[in-house]
Amino acid sequence: MSRDHAQSAETPFLELLARGALADAYEQPVLRARAEGGPAERTDALERAKHLALRVRSELEGRRRREAELSALFETAHDLAGLRDLDAVLRAIVQRARSLLGTDVTYLSLNDPDRGDTYMRVTEGSVAARFQQLRLGMGEGLGGLVAQTARPYVTDDYFEDARFRHTGTIDAGVRDEGLVAILGVPLMLGHHVIGVLFAADRRARVFEREQIALLGSFAALAAAAIDTANLLAETRSALAGLERANEIIRDRSGVIERASDVHDRLAELVLRGGGVHDVAAAVSQVLDGTVEFTEATAAPEHALEASRADGHVVRHKDDWIAAVAAGDELFGALVLRGHPGLDPVDQLTLERAAMVTSLLLLARRSAAEAEQRVRGELLDDLLDARDRDPRLLDDRARRLHADLSAAHVVLAARLDATEADADQEADARRRLWAAASHLAATRHGLAAARDGGTVLLLPLTDGDSATDLARRTARHLGRAVHEAVTVGASAPVRDLAARPEAVAAAYTEAGRCLDTLRLLGRGGDGAAAEDFGFLGLLLAGDQNVPGFVERTIGQVVAYDERRGTELVRTLDAYFACGMSPARTKEALHVHVNTVAQRLERVGRLLGDDWQSPDRALEIQLALRLHRLSAPARP
């Protein structure tokens, strides 16, 4: 297919991408070409261009979705930090939860202790009036199951699910709304469920674990907003009812202003991309103490679990512990050191800081996982040679700060030991992939999980060799996962965007090197095909005969070419005569001193050990391959 044909085939799809057309519109250029009865080559080109354009469209939509998710988290944290109108915050939470999960409907119900039932507080995407006005008896419906167990529940098909108690009123409202799949997570204040946050679709759908955790985070934000609003309401009631309360509020106004200030600071930190330790430093200034983020394993276990269960800070000796958690996942704790007494508002400040920290960690992890997936997808495409458009491959690589035109080495890495338990084995492989992905990101390379191990594509710097890179990678990954990791490396490969098939061949070569290391009992080491001498010819995926000859006798061949000497011919004769100088001089019809001088020159070029058994074997093989690869003389 000509380049003009390819470019003309791409044009209509580029226009569709530019105006953000729906996926169905990408079929039209192909259908028009078939209807017009054009050449098959033109139709095939349009078909290929369509698939590439749809892939680009999917990639762009994925990025927009991830950006929207992060933006929603940050905006919600900002709203909570400057809470003024509870209804506005709850509406924002429900709207952003719907946007995050991409569901048809989201809604939030709250318990009414006076009437002993539950009512709809906020809905988003609902079209049925009866559904919006539902009041549910305690323990009824999916929400009743969530409230009773204080755990998230999900149903793929509401009307076919018998785990919870159906009632005519609830079923009628759900049927009016047309809901099928429903996810509910509890709103917790301490040990008490005060309501339920729902996400629902009008079609069958499976909610992923990450989506459940994200909705749980929004439920925690909603509960915190309600808790904060209740505190503000109590304060306002005290101001209206008691004159003495006015004096207390004046005395504490500075503290409240300080709490508001830290909320604004935390929101600003999150929005400008600050880290966990930046949040701890900001809170340290406000609370006039030392606040540190501590991993879960380093925090006092009893106090950490109590804070996580209660949702508030817990005192531990002279310190205060605030659990940093999202849904069922515990990240660690914010620890305020050396404050035996702490004002309730300062306690609230520390709790809000812990919540912002959990959102920040979730957002950072989501971004890191997204980048790891993109790097893995690009390497998978190169290994499988699915995407042969060099410009598209180059563009994808550049977005990851990788340069496919530079020299790279493909490395196959695998854990040396095998775990007896399948779950432990899977966990070890995940740790290896995570360490390899981090290494690839810092080295501007790519990494993907494959064949029970990990494959990396790393750039080769000047003065470095594939062997050096393999050994360094084995040591680095071994330290990261605390287990021996064996690494096999390919010979350097270049221009991978134009030659994606070279990556698959190099991966095969690297895998052979890895298997050879393990067979030789060198687990936990790294090596390339060039480390195995002539055995490397069997390992190299492209049977690199010229490379082996060059490494073994290249200096002798080059010397003959420059000086017009016959060192190669003398070496051939020397080995053919059983390494006897006397018989060699007869075969060459020269004086024995000439043979000695030539062999001395060979020793200077190849090194003093050139006649050792191992070197002599490789030199003889290289001589034979050189002779066989030379053009026949007329």
Decide side chain to side chain contact (heavy atoms under 4.5 Å, CB included) for Leu110 and Ile226; before the verdict, give the C-alpha distance in whole Å, the side-chain angles of both, and the deciding distance to 0.1 Å. CA-CA 10 Å; Leu110 292 180; Ile226 294 169; 3.6 Å; yes
Do other residues, nucleotides or ligands put more than 12 heavy atoms under 6.0 Å from the CZ atom of Arg163? yes
Heavy-atom side-chain proximity of [X] to [Y] below 4.5 angstrom:
X: Phe207; Y: Thr103; answer: yes
X: Asp525; Y: Arg471; answer: yes
X: Leu458; Y: Thr473; answer: yes
X: Thr123; Y: Val105; answer: no
X: Pro186; Y: Val193; answer: yes
X: Thr118; Y: Arg135; answer: no
X: Leu197; Y: Leu215; answer: yes
X: Ile194; Y: Met188; answer: no

[Y] backbone acceptor or donor facing [X] side chain under 3.5 Å:
X: Asp104; Y: Arg202; value: yes
X: Ser217; Y: Ala213; value: yes
X: Gln211; Y: Glu208; value: yes
X: Thr486; Y: Leu514; value: no
X: Ser307; Y: His312; value: yes

Report the residue from Val481, Leu439, Val485, Val487 that forms a side-chain contact (heavy atoms from CB on, under 4.5 Å) with His476.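 It is Leu439, the one option of Val481, Leu439, Val485, Val487 that forms the side-chain contact (heavy atoms from CB on, under 4.5 Å) with His476.
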Measure the spacing between [atom1] of [X] and [atom2] of [Y] and express it to the nearest 0.5 Å.
X: Arg450; Y: Arg414; atom1: CZ; atom2: CZ; value: 12.5 Å
X: Phe218; Y: Leu108; atom1: CZ; atom2: CG; value: 12.5 Å
X: Leu457; Y: Leu446; atom1: CG; atom2: CG; value: 5.5 Å
X: Met120; Y: Gln133; atom1: CE; atom2: CD; value: 10.5 Å
X: Leu415; Y: Leu432; atom1: CG; atom2: CG; value: 5.0 Å
X: Asp227; Y: Leu187; atom1: CG; atom2: CG; value: 11.5 Å

Ignoring hydrogens, what is the shortest heavy-atom contact between [X] and [Y]? Give both atom names and the distance.
X: Gly184; Y: Leu142; result: N-CD2, 4.4 Å
X: Val154; Y: Leu183; result: CB-CD1, 4.0 Å
X: Ile321; Y: Pro300; result: CD1-CD, 4.2 Å
X: Ala436; Y: Thr454; result: CB-CG2, 3.4 Å
X: Val185; Y: Ala219; result: CG2-CB, 3.7 Å
X: Ala223; Y: Leu189; result: O-CD2, 3.7 Å

Does the plane of the ring in Phe159 sit parallel, tilted or perpendicular to the ring in His166? Use 30° and 60° as the thresholds.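 Judged by the thresholds at 30° and 60°, the geometry between Phe159 and His166 is parallel.
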Classify the ring geometry between Tyr107 and Phe198 as parallel (under 30°), tilted (30 to 60°) or perpendicular (over 60°). parallel
Would you sort out whether Ile170 and Glu140 count as a side chain to side chain contact (heavy atoms under 4.5 Å, CB included), showing the intermediate values? CA-CA 8 Å; Ile170 301 174; Glu140 295 177 352; 3.6 Å; yes
Is it the case that Ser126 and Gln132 place a side-chain donor and acceptor less than 3.5 Å from each other?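 A pair is found: one side chain offers a donor N or O, the other an acceptor, under 3.5 Å apart.
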In terms of side-chain heavy atoms, does Asn111 have a donor or acceptor partner in Tyr119 at a distance below 3.5 Å? no
Output yes when [X] and [Y] qualify as a salt bridge under the 4.0 Å nitrogen-oxygen rule, no when they do not.
X: Glu124; Y: Arg91; value: no
X: Arg130; Y: Glu177; value: no
X: Arg203; Y: Asp201; value: yes

Criterion side chain to side chain contact (heavy atoms under 4.5 Å, CB included) on Leu179 and Phe131, from CA distance to verdict: CA-CA 10 Å; Leu179 301 182; Phe131 180 79; 3.8 Å; yes
Between Thr169 and Leu134, does the side chain to side chain contact (heavy atoms under 4.5 Å, CB included) criterion hold? Intermediate values first, please. CA-CA 8 Å; Thr169 302; Leu134 274 179; 3.8 Å; yes
